[in-house]
Amino acid sequence: MKEKLLFSILLLSGPFLSFGQSILWEMPSTAADTTIVRHWRGDEYFVYTVAGSGPATVSYHDNAAPSTVSMSLPSNIRVRDFRIAHDSVFAGGTDGARGFLACFDISDFLSGNVYVQYLVLPKGSMDGIECRLIPNGHRVTITGVDRIALYEYGSSVRIAYTAYCTITHQDAPSNVLFRSVGYGDAAFLAGLGQWDICDFHFNKDAVEVYTDICTTDNKIVIAARSDEPTLEHYVRYQVFDKVRNYAQTPPTSIYTDRFGFSDHFVLGRVMVTHLKQDQVALAYHYADMVEGGLAVKAVDVGSPVPTLVNSLDIKEDMSTNAAWHMNDIRYDVRTDVLHVLNYIFHPSNGLGSYIYQIQSPFVPGASYRATFCPVMKEMHSLDNFDSQRFIASGNTPFADTEVFIETTNTGNSCGNYDISSCVGTTPSPLPVLPRHHCTIWNPPVSPVSSPPYLFGTYQRPIYQNCEKP
C-alpha cells in the first residue's frame, strides 16, 4: 500500500506529540552521511551525526522541545556504536588510528558541561602467547571498536565490544601483516575513577568476521560471518556467560565453541538482538544459487548447545543484492515484533532502506510489514522507543539529518508500507566447531587511569517534517 505524503516544515512550538502518532523530525543545521539513534526514556533520545571528514555531533532531543542540546566532538573521533543504561551514554569507535571506549552522565550533558570518560584501548604484545602467528616482536593494535552491548556485573556497567585489530612488527607499525576482528569487555569504575580492561580475543586464522553483539538474561552472544577461503560464507555465532572478563578460553583449552547454520550464503553483516530470556534473533542477507533476500533465525542460547527455535526467509529480487546491507535490529517484547532495518530491494518501492516489522518471529511463516520513508535517502540506525514505538535515523538527499518515530504496526504513517508473509524454513545446523583464539592482555590489564575530557553544549533547531495521528 502506498500513500501520497504532503510534507510541510513546521516549527515545533509546544508539546503536542502523543501516543499513536507518526512523526518525522528534520535537523537542517546538522548535515550527516552517518547517524546513530538511541532511545533514553519517554519521548527523549540521543542521535549521533557526522558528515564526511567534519566534526561529529551528539544531540539530545525531547519531542516536546523545538531544539536539541548538542555537543561537537573532535574532528578525528568517529563513534561506531553507542548505548544508554542507568542514565549514562556508553560508546565505542575510533580516533582514526586506535579504538576507544567512552561514557558520560546524561545529567552532565543536560547541565551544559559534559565530562566524557575516555579510554584508548592499549596495544598488546604477541610475545610468548600460545598462538602467535609469527616470531616475537609483533604487536596487536585495536584500530576501532565496531559494536557494543551493555550488561551489569557487580556494581558497574560493563561494555562488551567487538573491534577491528591489526598485527604489525613493533619496528614497522605502519606495515600491517594481518587483520582480524576480536572481542572483549571493559568498564569505567566511577568510584575509583579508573577503567577496568579485560582480555581481548581475536580469531587466530581470521576466518570469522564478528559483526554484532548483544546480551540476553544470562549470556553474551556475538554474531559473525565466516570468511574461510575454501568455504562459503555461513552464519556463525559464539555464546559466553555474562561475567567480567567473558572473553577467555576454557582453563584446559585454547579453543572456544562456535555455532552456526549452513543453509545460506551470507552477504555482509550478521545482526543479533535479544528476544526474551536467553533467546536471540540473528538476521542477515543471503544469496543462494537461484534466490536471495533477508533471513531471520530465532535461537535459544540458554543451554550448552544452542537450539533453533524458528527460521524465516523473506525473498527479494537478487539482481540488486550487491547493494544490500544490514543496519540495525531490535525486538519489542510488548508488541512481539522484531524490527530489522536494512537496505534491500522491495517490490513496492525498489532499492532502498526498509524497516521490516516481523510479527511473532517465533512463529513459522510469520507475517511482516515493510516500512519505507520516502523523504529519507537512507535510514542508518534503529531503536525501540517508548509506548510501543520505534525510532530510526538517517538523512535526506540534501544530507540533512532525519529522525523517524512511529508506532509499531500503525495504519497511518509518515512512510509507505506493504504487508506480506515470511517463508518458514528448516536449515541444517552446523556441528559444534571449536575456534582457535589468541588471547591478549592475559592476565587482564586492570585498572587504567584516563583523565576525562570536558565539552560544552549548545542548542540547534529541529523541525517537524511530517505528523500523522
Side-chain angles (χ1 to χ4, degrees), residues 17-25 35-48 59-64 81-91 106 147-152 157 159-160 212-217 220-221 223 271-283 294 296 298 326-342 353-362 366-373 376 379-394 402-410 413-415 417:
L17 187 65
S18 61
F19 172 76
Q21 286 182 318
S22 173
I23 194 166
L24 189 67
W25 294 104
T35 66
I36 308 171
V37 68
R38 299 292 181 243
H39 177 249
W40 177 29
R41 65 183 185 185
D43 278 346
E44 300 167 89
Y45 61 93
F46 279 78
V47 58
Y48 166 86
S59 299
Y60 154 89
H61 183 232
D62 183 334
N63 280 333
D81 195 13
F82 76 91
R83 302 296 174 101
I84 299 175
H86 296 298
D87 298 331
S88 293
V89 173
F90 300 83
I106 295 177
R147 300 286 288 183
I148 68 171
L150 307 179
Y151 63 104
E152 295 184 40
V157 175
I159 306 172
D212 201 12
I213 187 169
C214 79
T215 57
T216 70
D217 289 1
I220 297 169
V221 182
M271 307 295 292
V272 62
T273 194
H274 181 210
L275 295 175
K276 56 186 179 181
Q277 299 171 337
D278 283 324
Q279 296 181 347
V280 300
L282 298 160
L294 170 67
V296 174
M326 298 290 298
N327 294 86
D328 244 331
I329 178 173
R330 293 289 186 276
Y331 176 70
D332 185 348
V333 68
R334 297 162 297 184
T335 57
D336 188 27
V337 172
L338 177 68
H339 297 95
V340 182
L341 171 58
N342 61 149
S353 293
Y354 298 91
I355 298 173
Y356 283 77
Q357 300 179 59
I358 300 174
Q359 185 71 48
S360 302
F362 300 99
S367 64
Y368 75 93
R369 169 196 184 97
T371 300
F372 172 70
C373 190
M376 297 173 76
M379 291 183 280
H380 305 138
S381 181
L382 169 80
D383 204 4
N384 290 330
F385 210 66
D386 204 28
S387 302
Q388 303 177 15
R389 291 176 285 173
F390 65 86
I391 184 170
S393 66
E402 300 278 343
V403 177
F404 180 39
I405 302 171
E406 184 156 314
T407 304
T408 301
N409 289 333
T410 185
S413 167
C414 285
Y417 66 91

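What you see is a predicted model; the values in this text were computed from it and never measured. Positions are given from 1, in the same order as the sequence printed here.
Between the CE atom in Met379 and the CD1 atom in Ile355 there is a gap of 4.5 Å [rounded to 0.5 Å]. Atoms CD1 and CZ, on Ile159 and Arg83 in that order, are 11.5 Å from each other to the nearest 0.5 Å. To the nearest 0.5 angstrom, Ser393 atom OG is 12.0 Å from Phe404 atom CZ. In this structure, CG on Asp81 lies 10.0 Å from CD1 on Ile213, to the nearest 0.5 angstrom. In this structure, the separation between CZ on Arg330 and CG on Leu341 is 10.0 Å, given to the nearest 0.5 Å. One distance of note links CD of Glu406 with OH of Tyr417; it measures 9.0 Å at 0.5 Å rounding.
Ala366 and Ser360 get closest at one heavy-atom pair: CB-O, 3.3 Å. Nearest heavy atom pair, residue Ala149 against residue Cys214, reads CB-CA, 3.8 Å. A pairwise comparison of heavy atoms in Cys414 and Ser22 identifies N-OG, 2.9 Å as the closest pair. Of all the heavy atoms in Ala160 and Tyr151, the pair that sits closest is CB-CE2, 3.8 Å.
When side chains are defined from C-beta on, Gln357 counts as touching Thr371, because their heavy atoms get closer than 4.5 Å. The closest side-chain heavy-atom distance from Tyr356 to Leu338 is not below 4.5 Å. Taking the side chain as every heavy atom from C-beta outward, Ser88 and Val157 never approach each other to under 4.5 Å. Residues Leu24 and Met376 meet the side-chain proximity criterion, which asks for heavy atoms closer than 4.5 Å. The shortest distance between side-chain heavy atoms of Val280 and Thr216 falls below 4.5 Å. By the 4.5 Å heavy-atom criterion applied to side chains, Trp40 and Ile106 are counted as neighbours. In this structure, the side chains of Val340 and Tyr368 stay at 4.5 Å or more apart for every pair of heavy atoms.
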Query raised in the report: How far apart are the C-alpha atoms of His339 and Thr408, what are their side-chain angles, what is the distance that settles it, and do they pass the side-chain contact (heavy atoms from CB on, under 4.5 Å) test?
Result: CA-CA 9 Å; His339 297 95; Thr408 301; 3.4 Å; yes
Requested in this report: Could you please spell out the steps behind the ring-ring contact (aromatic ring centres under 6.0 Å, His included) verdict for Phe385 and Phe390?
Outcome: CA-CA 5 Å; Phe385 210 66; Phe390 65 86; 9.5 Å; no
Query raised in the report: How far apart are the C-alpha atoms of Arg389 and Asp43, what are their side-chain angles, what is the distance that settles it, and do they pass the salt bridge (charged side-chain N to carboxylate O under 4.0 Å, His left out) test?
Result: CA-CA 10 Å; Arg389 291 176 285 173; Asp43 278 346; 2.6 Å; yes
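Aromatic rings from His274 and Tyr331 are positioned such that their centres are separated by 6.0 Å or more.
Checked by atom type and distance alone, the side chain of His39 pairs as donor or acceptor with a backbone atom of Gly42 at under 3.5 Å. A donor-acceptor pair under 3.5 Å links the side-chain atoms of Gln359 to the main chain of Thr335, judged by distance alone. In this structure, the side chain of Ser381 engages the main chain of Val37 through a donor-acceptor pair within 3.5 Å. In this structure, the side chain of Thr273 does not engage the main chain of Ala281 through any donor-acceptor pair within 3.5 Å. In terms of modelled atom types and a separation under 3.5 Å, the side chain of Asp212 and the main chain of Ala223 share no donor-acceptor contact. Using a distance-only test at 3.5 Å, with no hydrogens or angles considered, no donor-acceptor pair links the side chain of Asp328 to the main chain of His380. Of the possible polar contacts, one joining the Arg38 side chain to the Phe82 backbone as a donor-acceptor pair under 3.5 Å is found.
Of the candidates Asp383, Asp62, Val403, Tyr45 forms a side chain to side chain contact (heavy atoms under 4.5 Å, CB included) with just one, namely Val403.
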